[in-house]
Enquirer: 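Let me begin by handing over the structure; questions about it come next.
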Protein chains: 2
Amino acid sequence: MPETANSPGTRPTLRDVARHAGVSAMTVTRVLRDDDRVSAATRERVLASVAALGYRPNTVARSLRLGHGSGLVGLVVTNLANPFYSRLALGVDGVVGAHGLKTVIGNTRQSVENERDLVADLVARRVDGIVVVPAGGDQRHLAQAAAQGVPVVCASRPPMGFAADHVLVDDHGGAVEATERLLALGHRAVGYLGPPASVHTSVERLRGYRETLAAAGVTVDERYVRQGPVDVAGAEEAAGELLALPEPPTALFCSNNRNTIGAFRAVRRAGRGVALAGFDDFELADMLGLPLSVQSYDSDELGREAGRLLLDRLRGPATGAPGPRRVVLPTRAIQYGEPGPPGPAGPAG
Amino acid sequence: MPETANSPGTRPTLRDVARHAGVSAMTVTRVLRDDDRVSAATRERVLASVAALGYRPNTVARSLRLGHGSGLVGLVVTNLANPFYSRLALGVDGVVGAHGLKTVIGNTRQSVENERDLVADLVARRVDGIVVVPAGGDQRHLAQAAAQGVPVVCASRPPMGFAADHVLVDDHGGAVEATERLLALGHRAVGYLGPPASVHTSVERLRGYRETLAAAGVTVDERYVRQGPVDVAGAEEAAGELLALPEPPTALFCSNNRNTIGAFRAVRRAGRGVALAGFDDFELADMLGLPLSVQSYDSDELGREAGRLLLDRLRGPATGAPGPRRVVLPTRAIQYGEPGPPGPAGPAG
DNA sequence: CTGTTAGCGCTTTCAC
DNA sequence: GTGAAAGCGCTAACAG
């Protein structure tokens with residue numbers, strides 16, 4: 001147990017250590033920075049004082065003096081409770097943490113306004129960079145941050161109206177593949193369930209769905225398309241409505257795991273056989289006793305990639321400013337259970 | 001779009017604004033702090049310069065000058081990918097965020113060493129306080145941080161060897177209730193599955209399990225007790241071994257949701273009827289088609305409570321130092337599906 | 001109403 | 001080897 005500080009609440013400073021050791025502040029710094037131009041004896045004495053006072057260097061003051069950033073990376077997501085984002089956070093933190101940077105989280109709860117405030121705050125805190133999953137349409141605050149010299153990396157959704165590195169999932173390609181799988185099973189009445197049009201991924205996935213059906217000569221029944229649900233409860237309700245239509249769809253493509261789970265609950269409740277294809281894998285998907293195919297991708301990797309892009313910007317400003325980079329992560333189809341063709345009984349187990 | 005900064009990479013400072021506006025730095029500060037002793041005309045001029053230069057105050061310098069902390073709260077957890085911890089993080093961030101504090105996350109990946117480094121780093125960054133879910137036994141680094149005047153709040157696991165506010169779940173009580181429910185169904189061969197003894201919650205839950213069985217006159221078959229699994233795969237394997245015993249248990253109490261899910265998978269795979277009771281609720285638990293009872297609790301609330309304890313320390317150091325406070329959150333039993341008595345066929349659906 | 005001085009804790013530069 | 005001075009960006013405290 002170290003000696004208690006002189007006055008509680010007041011923490012020892014470099015000068016306190018210097019006084020205690022009978023040297024100058026400069027010498028203490030040198031010892032702490034492993035500068036070799038200091039005698040062994042002095043070093044010992046200083047180290048002893050450091051221990052005696054329980055001194056801890058003040059990183060804040062240090063980085064202020066040094067001019068460079070705070071050693072913090074801001075991470076702005078819409079909902080950390082969603083495993084997708086917490087894994088992304090882990091990925092980012094893992095990569096930047098290996099370079100001595102810490103991650104500051106900001107949760108926007110889907111609010112663009114919160115996002116703007118958060119980003120402003122992070123900039124004011126002099127974060128070295130920001131990884132953001134933009135919440136909505138207006139991204140002027142991001143453009144501003146970027147313009148002010150804070151590197152911004154967009155994850156999962158692209159920058160709009162300004163240039164920034166970004167890492168995306170192959171939303172369109174994944175949606176095409178998922179929809180094709182349903183078509184291949186013979187389904188023609190294929191519904192869509194996903195978040196509102198303000199969400200970029202949703203737009204792309206819906207586009208993939210539409211194009212695929214069109215290419216197969218299937219006309220999309222607009223009553224089958226529900227853009228809106230953002231959580232399981234909303235998705236369950238919307239799916240329930242689709243299933244209650246006079247001629248309900250025989251298959252549903254769900255644009256993210258919230259919607260897939262909601263749809264699953266509705267299908268189970270209705271006791272009806274409806275084929276499900278979803279975007280995003282999720283835990284226990286294989287245990288649901290209903291055939292289900294999902295387009296899976298690695299959200300840790302999404303975060304790691306975002307972290308790498310950011311690090312590249314931080315490390316290599318010397319290399320000039322190469323154009324913004326884009327990374328697209330592939331998706332992979334996973335089939336749970338044996339899928340079946342459309343029919344009155346349907347493929348339910 | 002604001003004018004570009006003079007030199008890229010160099011950001012405008014208070015003095016730049018002052019020069020631009022033809023006033024002193026002090027006046028700019030006053031405008032920015034809404035000090036009323038500034039003429040409207042001057043205010044306008046300053047504001048215009050701020051906008052023209054795209055000036056953003058440097059919070060780091062500010063907090064250094066003001067002496068108070070960085071406005072950051074450190075959050076140290078073992079695994080952010082676990083929804084339990086991400087919700088806890090949300091709870092903490094929600095509460096402290098409402099008071100203008102930001103949350104810095106640290107993920108220890110169960111390593112006490114990482115935890116020690118992280119805490120040291122956070123202290124050096126002058127965080128205002130730390131919320132930590134201690135990874136293991138040795139907590140001297142936490143004691144040290146606390147001794148150095150950084151308020152520490154322990155979540156989910158209590159401080160050991162030093163005094164600190166903490167918020168716990170009623171691990172023992174919840175385990176008792178869960179075990180009693182299995183006993184009430186007539187089960188006598190009740191197994192246990194949980195993390196290693198280094199995890200405090202696990203110890204408490206195991207104790208509850210043992211005491212309840214003992215109180216009912218049931219001797220615990222030590223072959224039925226598996227302390228070890230920390231993830232689903234490990235739990236599934238361990239549960240599989242229990243089920244493969246000559247006289248397998250007819251019921252399992254699982255000490256957290258990783259173990260519950262692993263056990264569920266093993267039971268499903270074995271096609272055997274084994275009653276399951278678990279700690280922690282989880283998504284889709286009601287959809288598994290197997291009777292299951294869980295002790296549920298609110299991990300957001302755990303985080304919020306931790307945040308509140310911390311805020312109280314930060315706000316009220318004037319009130320002297322009241323003894324460390326402890327908050328214990330209750331658990332609530334939830335029954336999914338219809339439970340059944342032990343039997344050769346068992347309660348499987 | 002506005003400006004000057006001093007200094008938060010640290011470190012670079014230049015002396016000794 | 002060691003120290004003194006100056007300053008990172010900002011703001012109390014005291015002038016004027």
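Sequence lines set the chain letters: A, B, ... in the order given, protein chains first and strands last, and positions in each chain run from 1.
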Enquirer: For B/Ser39 and C/dT2, is the shortest distance between a side-chain N/O and OP1 or OP2 below 4.0 Å?
Expert: yes

Enquirer: Checking all strands, does A/Val23 fall into the base, sugar-phosphate, or nothing category for heavy-atom contacts under 4.0 angstrom?
Expert: sugar-phosphate

Enquirer: Between A/Asp35 (CG) and D/dG3 (C1'), how many Å, whole number?
Expert: 14 Å

Enquirer: Quickly work out the A/His68 NE2 to D/dG9 C1' distance and round it to whole Å.
Expert: 15 Å

Enquirer: Name the nucleic acid region contacted by A/Thr42, choosing base, sugar-phosphate or nothing; use a 4.0 angstrom heavy-atom cut-off, strictly under.
Expert: sugar-phosphate

Enquirer: Output yes when at least one side-chain N/O atom of B/Thr27 is less than 4.0 Å from OP1 or OP2 of C/dG3, else no.
Expert: yes

Enquirer: Side-chain contact, heavy-atom cut-off 4.5 Å: A/Asp35 with A/Thr29?
Expert: no

Enquirer: Are the side chains of A/Pro134 and A/Leu142 in touch, meaning some heavy atoms are under 4.5 Å apart?
Expert: yes

Enquirer: What is the distance from atom CG of B/Leu88 to atom CG of B/Asp93, rounded to the nearest 0.5 Å?
Expert: 11.0 Å

Enquirer: Would you confirm whether B/Glu115, through its side chain, and B/Thr108, through its main-chain N or O, come within 3.5 Å as a donor-acceptor pair?
Expert: no

Enquirer: Do A/Val123 and B/Arg11 have side chains that get closer than 4.5 Å, going by heavy atoms?
Expert: yes

Enquirer: Establish, with yes or no, whether the OP1 or OP2 oxygen of C/dT4 is under 4.0 angstrom from a side-chain nitrogen or oxygen of B/Ser24.
Expert: no

Enquirer: Does the protein touch nucleotides 8-16 of chain C at the base, only the backbone, or not at all? Give it as B, S and - per nucleotide, heavy atoms under 4.0 Å.
Expert: BBBBB----

Enquirer: Donor-acceptor check, side chain of A/Arg125 to backbone of B/Ser70, threshold 3.5 angstrom: yes or no?
Expert: yes

